[in-house]
Amino acid sequence: STVVLVFQAPTLKMLQNRDSSSEFRFSIRRGDRVRVGEALGRWHD
Amino acid sequence: TSLLKRVQTASQVRASFNGSSGNPRGNIFLVPGATVATLLMLGALHARRLYDDKKVEEAREKGIEFEFQPDHKASFLRMLPLRSISRLFGSLTSVELPVWMRPHVYRAWARAFHSNLEEVALPLENYASLREFFVRTLKEGSRPIDPDPHCLVSPVDGTVLRFGELKGSGTMIEQVKGFSYSVSSLLGASSLLPVITEGDMHKESSEQQGNLKEKNKKSWWRFSLASPKIRDTVSACPAKGLYYCVIYLSPGDYHLIHSPADWNVLVRRHFSGHLFPVNERATRTIRNLYVQNERVVLEGLWEGGFMAIAAIGATNIGSIKLFIEPELQTNQRRQKILNSEPPDERVYELEGVGKTLKKGAEVAAFNLG
């Protein structure tokens with residue numbers, strides 16, 4: 001079985017600068033084993 | 001054992017009734033022989049699978065990227081009654097096991113698929129069937145939820161296959177090198193996925209000063225739910241800051257799905273498709289694997305905007321149980337002839353906020369068969 005997660009990251013900065021990308025950064029790599037509750041990525045407030 | 005004895009007795013009675021002068025021992029060994037042959041075959045298949053997995057792992061470590069290559073085995077899979085096989089597998093694994101046998105069976109399963117039995121919530125004897133054991137819960141504190149309010153957590157245990165940002169026209173996710181599938185096909189044509197068409201781009205530039213979160217709440221889903229329409233997925237581009245992550249769960253993994261963040265689920269969609277396997281090989285050989293397979297999609301809003309989880313079934317793990325909608329039945333006998341028929345959709349509280357889920361809350365479970 002497989003789970004696909006699609007999400008929009010918080011992008012408040014985009015309101016000021018439309019060319020900037022999101023502050024969201026993945027903290028995983030391909031092939032990593034992840035467990036429930038572990039961070040997939042983070043963003044700055 | 002009793003079945004075996006009965007077969008042996010019947011064959012002996014039949015031989016004496018017919019006055020057969022042949023040696024009845026030939027028949028006696030027929031059933032055990034077939035059983036041994038089946039076990040040997042299953043063992044060989046499992047060894048082959050472990051070997052393939054190891055080769056794939058080694059290749060991945062070396063940075064080798066597998067390319068899409070359809071083969072005759074994939075074509076053959078299409079001809080198999082995979083749904084019936086899946087349902088039969090589910091029935092077999094639902095059989096209640098004798099209490100003395102349970103720890104042996106579950107330990108064997110754990111050894112074969114690398115499950116950690118130390119974190120199982122209940123004593124092994126308490127799980128009446130393999131199916132029940134498969135959707136076991138874990139001991140309190142086995143899966144601590146990252147407390148950082150600025151992080152998104154993994155909804156499942158598994159291996160990260162792909163992740164990244166959705167860019168460019170068509171909003172495509174790469175299945176493997178050389179083949180991609182569209183997110184709109186995965187989530188459904190009436191998805192709330194924030195895409196920007198040419199007309200939207202002009203409109204959006206005049207609304208720059210608006211509050212993004214308010215816009216998320218009001219425009220997307222009201223627009224999409226009130227007047228669903230099929231978008232032109234080819235010309236549409238994803239809105240900025242839209243990401244995806246594909247996680248594969250192997251048979252030994254903990255198979256419950258948790259909420260990756262605090263969010264409100266607004267819509268559920270159930271696609272009754274095929275039940276192809278979703279292992280590494282299948283992703284390389286079957287086109288649109290995730291788009292063709294049976295799946296349940298949950299869509300809603302969180303503080304970042306749009307969020308969707310697609311739980312995709314497979315031959316062995318064919319049905320999905322939703323804790324927020326226990327009455328939903330999946331992996332049912334096929335009623336739809338064409339897979340292109342629209343999915344079964346349910347809107348949770350059209351005028352409300354949907355179903356509220358807390359970060360780390362149990363959302364769904366994959367069942368055997």
Side-chain angles (χ1 to χ4, degrees), chain A, chain B residues 57 60-61 143-146 148 150-166 173 183 186-187 193-194 208-209 212 239-249 254-258 260-261 278 290 302-314 317 360 366:
Chain A
S1 39
T2 304
V3 164
V4 182
L5 183 64
V6 181
F7 59 95
Q8 192 169 32
T11 53
L12 292 173
K13 200 176 172 183
M14 280 171 58
L15 290 174
Q16 294 146 15
N17 180 4
R18 289 185 56 78
D19 293 328
S20 71
S21 61
S22 164
E23 290 288 310
F24 184 82
R25 294 284 177 271
F26 280 102
S27 53
I28 48 173
R29 288 180 306 171
R30 272 180 65 188
D32 275 358
R33 294 272 311 154
V34 289
R35 305 211 300 178
V36 169
E38 289 177 357
L40 291 177
R42 297 176 196 279
W43 68 93
H44 300 292
D45 192 10
Chain B
E57 195 65 34
R60 193 183 285 141
E61 282 170 11
R143 294 289 181 274
I145 307 299
D146 194 314
D148 182 358
H150 300 123
C151 82
L152 196 73
V153 300
S154 175
V156 288
D157 281 14
T159 307
V160 177
L161 296 185
R162 302 263 155 186
F163 66 88
E165 188 170 1
L166 290 167
I173 295 179
V183 178
L186 177 78
L187 303 179
L193 187 76
Q208 268 188 29
Q209 304 304 317
L212 182 62
K240 281 185 179 174
L242 201 57
Y243 297 85
Y244 69 92
C245 183
V246 185
I247 302 173
Y248 169 70
L249 293 80
Y254 168 63
H255 264 74
L256 260 59
I257 304 172
H258 292 245
V278 290
Y290 303 130
W302 74 306
E303 72 165 290
F306 173 82
M307 178 177 280
I309 295 181
I312 303 160
I317 295 136
F366 286 107

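As the structure is a computational prediction, the values presented were derived from the model and not from experiment. Throughout, a chain's letter reflects where its sequence line sits, starting with A, and its residues are numbered from 1.
- Among Leu256(B), Ile312(B), Leu161(B), the residue making the largest number of heavy-atom pairs under 4.5 Å with chain A is Ile312(B).
- When all heavy atoms of Glu303(B) and Trp43(A) are compared, the pair lying nearest together is OE2-CZ2, 3.8 Å.
- For the side-chain contact (heavy atoms from CB on, under 4.5 Å) with Pro260(B), the lone residue among Leu5(A), Leu40(A), Val3(A), Val36(A) that qualifies is Leu5(A).
- Of all the heavy atoms in Gly37(A) and Ile145(B), the pair that sits closest is CA-CD1, 3.6 Å.
- Contacts between Tyr248(B) and chain A at a heavy-atom distance below 4.5 Å involve backbone atoms as well as side-chain atoms.
- Note: Cys151(B) leads Gly313(B), Pro144(B), Ala314(B), Cys151(B) in heavy-atom pairs under 4.5 Å with chain A.
- Of all heavy-atom pairs spanning Ser154(B) and Arg35(A), the tightest one is CB-O, 3.4 Å.
- Just one of Val246(B), Leu166(B), Ile309(B) meets the side-chain contact (heavy atoms from CB on, under 4.5 Å) condition when paired with Val6(A); it is Leu166(B).
- For chain A, the option among Val153(B), Ile257(B), Asp148(B) with the highest count of heavy-atom pairs below 4.5 Å is Val153(B).
- Heavy atoms closer than 4.5 Å to chain A are found in both the backbone and the side chain of Pro155(B).
- Ala261(B) is linked by a side-chain contact (heavy atoms from CB on, under 4.5 Å) to Leu152(B), Trp302(B), Met307(B), counting only residues two or more places apart in sequence or in another chain.
- No side-chain heavy atom of Val156(B) sits under 4.5 Å from any side-chain heavy atom of Ser1(A).
- Smallest separation of non-hydrogen atoms from Phe163(B) and Ile28(A): CZ-O, 3.2 Å.
- With sequence neighbours excluded, the residues that form a salt bridge (charged side-chain N to carboxylate O under 4.0 Å, His left out) with Arg33(A) are Asp253(B).
- The minimum heavy-atom distance between Gly31(A) and Thr159(B), with the atom names listed, is O-CG2, 3.7 Å.
- The minimum heavy-atom distance linking Phe26(A) with Cys245(B) is given by the pair CE2-CB, 4.4 Å.
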